Amino acid sequence: MNQMIIANWKMNLSFETSILLCENIIKQQFSRSLIIAASTPYIAYLQKIYKDLNFCAQDVSLQNDFGSYTSENCAKSFKSCSVNWAIIGHADRRVIYKETNEIVGRKVQNCLDQDMIPIVCIGEHLEIRQKNQHKDFLVKQLDEILSHTRITNNKKIIIAYEPIWAIGRKINPNISEIQEILDILGNLDYKLELVYGGSVTSQNSKDILSIPNLTGLLVGSASLNINELLKILNS
Ligand code: PGA
């Protein structure tokens, strides 16, 4: 399996810096596939110019079609720019913008309707982990999300396990704790792939990628630095 690295640039970069990073990336060789979640204002341009790179939306609208929805960007808009991936329900969206599992599920369905691949983020807060309730929490979170979709096994959905306590914190769950989440997904009725995200760096990427059946990594701050990103892509 060619594991994927999803670079989540969030709202961190200017247009010029995003172009510079892409220019740098296309000159390099790396062994894993790369998907870049660039800022929405730049993504159509970047996908058109850098046809050999894959870009990913950071969110899609709840609205499922073109229409009079000022400031919204529907899955169909991204698809029309040849953007085939979307991160849905990132912790930033859930924590800051209060997105619920229902909203996340409906957005996942909007992606599936456009044959886009949703990368659906799930993850528990620290107090849930400390009470050892994270497994039940994650199963419930996934069930609620998927209940708002018409998921079938011929549609690809990637689940990103991003424990909220590990995002941007320089701490990670250990390998067996990530493996435990893979086992949970394996017991569901649906075929889901898993990526891990939360304080991934070039120091820990190799160990995490060694987990059998892990599809890849979702990388935030380390993906903004070209040297770090390349080390992760080649780890
Ligand atoms: P981080 O972010 O790698 O900086 O922890 C991950 C994310 O928010 O997706």
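Numbering of residues begins at 1 and proceeds along the displayed sequence. Just so you know, ligand 1 is whichever comes first in the structure, and atom 1 is the first atom listed for that ligand. Just so it is clear, the structure is predicted and the values come from calculations on it, not from any experiment.
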Visitor: Going by side chain to side chain donor-acceptor pair (under 3.5 Å), Y161 matches just one of E124, E177, E180. Which one?
Guide: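 Answer to the side chain to side chain donor-acceptor pair (under 3.5 Å) test with Y161 among E124, E177, E180: E124.
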
Visitor: Check this for me: does any side-chain nitrogen of one of K107 and D59 sit under 4.0 Å from a carboxylate oxygen of the other?
Guide: yes

Visitor: Between Y42 and F55 (judged by ring centroids, cut-off 6.0 Å), do the two rings come close enough to count as a pair?
Guide: no

Visitor: Please identify which atoms of ligand 1 are closer than 4.0 Å to at least one heavy atom of N8.
Guide: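 Result: 9 (O).
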
Visitor: Heavy-atom distance to atom 5 (O) of ligand 1: which of A37, G168, A160 wins?
Guide: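 Among A37, G168, A160, the closest heavy atom to atom 5 (O) of ligand 1 belongs to G168.
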
Visitor: Please find the pair of heavy atoms, one from N172 and one from Y196, that lie closest to each other, and give the distance.
Guide: ND2-OH, 3.7 Å

Visitor: So if I count the atoms of ligand 1 from 1 in the order they appear, which ones are less than 4.0 Å from some heavy atom of S221?
Guide: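 Those atoms are 1 (P), 3 (O), 4 (O).
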
Visitor: Please check whether R169 reaches ligand 1 - meaning an N/O of the residue sits under 3.5 Å from an N/O of the ligand, judged on distance alone.
Guide: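 No, R169 has no N/O under 3.5 Å of an N/O on ligand 1.
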
Visitor: Taking 4.0 Å as the limit for heavy-atom contacts, which would you say applies to H90 with ligand 1: side chain only, backbone only, both, or neither?
Guide: side chain

Visitor: Is there a heavy atom in G197 that sits closer than 4.0 Å to ligand 1?
Guide: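 False for this residue.
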
Visitor: Any luck finding a side-chain donor-acceptor pair between E193 and T215 under 3.5 Å?
Guide: yes

Visitor: Check step by step if side-chain contact (heavy atoms from CB on, under 4.5 Å) holds for V120 and I158.
Guide: CA-CA 6 Å; V120 188; I158 294 179; over 6 Å; no

Visitor: Only heavy atoms count here, so choose which of K170, E162, K10 is nearest to atom 9 (O) of ligand 1.
Guide: E162

Visitor: Look at ligand 1 and say whether G198 reaches it with a heavy atom at a distance under 4.0 Å.
Guide: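 G198 counts as a contact of ligand 1 under the 4.0 Å cut-off.
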
Visitor: So which bit of I167 gets within less than 4.0 Å of ligand 1, heavy atoms only: side chain, backbone, both or neither?
Guide: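 For I167, the contact with ligand 1 is made by both the backbone and the side chain.
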
Visitor: For D113 and Q109, test the side chains for any donor-to-acceptor distance below 3.5 angstrom and give the result as yes or no.
Guide: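 The criterion, which ignores hydrogens and geometry beyond distance, is satisfied for Q109 and D113.
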
Visitor: If you have a sec, work out which protein heavy atom is nearest atom 3 (O) of ligand 1 and how many Å separate them, to one decimal?
Guide: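 Ranked first by proximity to atom 3 (O) of ligand 1 is G220 N, 2.9 Å.
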
